[in-house]
Amino acid sequence: FACWGLHRLVRPGCRRLMRIAVIPARAGSKGIPRKNLALLRGRPLLAYAISAALPGGLFDHVVVSTDDDEIASCAVTEGAEVHRRRPELATDTAKSVQVVATVLDEFQAAASDAVVLLPVTSPPRTAADAAAALRPPARHPGPPRLRVCASAAPPGPAPQPRRGAA
């Protein structure tokens, strides 16, 4: 899946929603070492996730959560903000929801804000996919909602990524 969005609709008269894109990108990977920086068509996978979130001012903050200096440097180069992940949240057993919660704490986001999780491993995702995750699924107030958007572009056969300097 390309994007996950968590929404709570805002009633009239309330402040505008803060829209945050969270891109988890830890250094460790058992399958493909340093996969977040692996090159696909000459660009790091991380760059694709960031470029899907930046156009059109969709988000107030595009945040890469990482424990790695090289990933942080790539994130800043591509135009994202960096959240330094605590070591206990940089393990293969850490849950994405824990990572998102720490980012929300850092940005003092309210329960009514919109959060979109953009996994690095969905490079065909577009800005339109990210925008779709931001759209509320209903027009009435209620509990937070989770919305999952499949990428419009089929992934097709994946080329073997090459690790390179970001």
Side-chain angles (χ1 to χ4, degrees), residues 1-7 17-111 113-134 144 146-151 153 155 158 161-166:
F1 291 100
C3 313
W4 301 350
L6 179 62
H7 303 275
L17 270 125
M18 182 189 308
R19 297 162 308 189
I20 302 174
V22 179
I23 303 169
R26 67 186 181 89
S29 173
K30 289 184 177 181
I32 301 173
R34 316 259 320 139
K35 71 180 172 197
N36 295 308
L37 296 175
L39 298 180
L40 176 66
R41 296 185 178 155
R43 292 181 70 200
L45 284 179
L46 178 61
Y48 288 94
I50 294 169
S51 64
L54 287 177
L58 282 175
F59 297 98
D60 299 301
H61 301 281
V62 176
V63 183
V64 173
S65 176
T66 189
D67 59 324
D68 182 77
D69 290 339
E70 191 176 1
I71 291 172
S73 177
C74 177
V76 169
T77 298
E78 294 294 330
E81 298 173 62
V82 174
H83 167 261
R84 286 298 182 161
R85 198 183 295 198
R86 296 189 316 256
E88 65 270 18
L89 295 178
T91 67
D92 58 346
T93 58
K95 305 291 183 215
S96 293
V97 69
Q98 296 168 308
V99 172
V100 169
T102 61
V103 170
L104 295 181
D105 285 345
E106 181 174 312
F107 284 87
Q108 299 176 347
D113 292 327
V115 178
V116 174
L117 182 68
L118 301 172
V120 172
T121 53
S122 298
R125 172 190 42 238
T126 65
D129 296 323
L134 274 175
L146 179 65
R147 183 173 177 127
V148 179
C149 302
S151 177
R162 295 183 323 266
R163 184 173 178 267

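Predicted, not measured: the structure shown is a model, and the values here were computed from it. Scope of the values below: all heavy atoms of this structure, side chains included, with no hydrogens, waters or symmetry mates.
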Minimum heavy-atom distance between [X] and [Y], given as atom pair plus value:
| X | Y | answer |
| --- | --- | --- |
| A52 | L58 | O-CD1, 4.3 Å |
| P119 | A49 | O-CB, 4.4 Å |
| I71 | A25 | CD1-O, 3.4 Å |
| F59 | A53 | CD1-O, 3.3 Å |

**Request:** Among I23, T102, L89, find the residue that satisfies the side-chain contact (heavy atoms from CB on, under 4.5 Å) test when tested with H83.
**Result:** T102
Can you find a pair of side-chain heavy atoms, one from [X] and one from [Y], that are under 4.5 Å apart?
| X | Y | result |
| --- | --- | --- |
| L45 | L37 | no |
| E70 | R34 | yes |
| P24 | V120 | no |
| D92 | R26 | yes |
| V22 | I20 | yes |

**Request:** Mark yes or no for whether E78, through its side chain, and A75, through its backbone, hold a donor-acceptor pair below 3.5 Å.
**Result:** no
**Asked** For V115, does its backbone N or O pair with a side-chain atom of R19 as donor and acceptor, under 3.5 Å?
**Response** no
Distance from [X] atom [atom1] to [Y] atom [atom2], nearest 0.5 Å?
| X | Y | atom1 | atom2 | result |
| --- | --- | --- | --- | --- |
| E106 | S65 | CD | OG | 8.5 Å |
| R86 | T91 | CZ | OG1 | 11.5 Å |
| L46 | L39 | CG | CG | 11.5 Å |
| D68 | S73 | CG | OG | 9.5 Å |

**Fill in**
Result for side-chain hydrogen bond (donor to acceptor under 3.5 Å, both in side chains) between R84 and one of D69, T66, D67 points to D69
**Prompt:** Is R43 positioned over the aromatic face of Y48, cation under 6.0 angstrom from the ring centre and no more than 45 degrees off axis?
**Reply:** yes
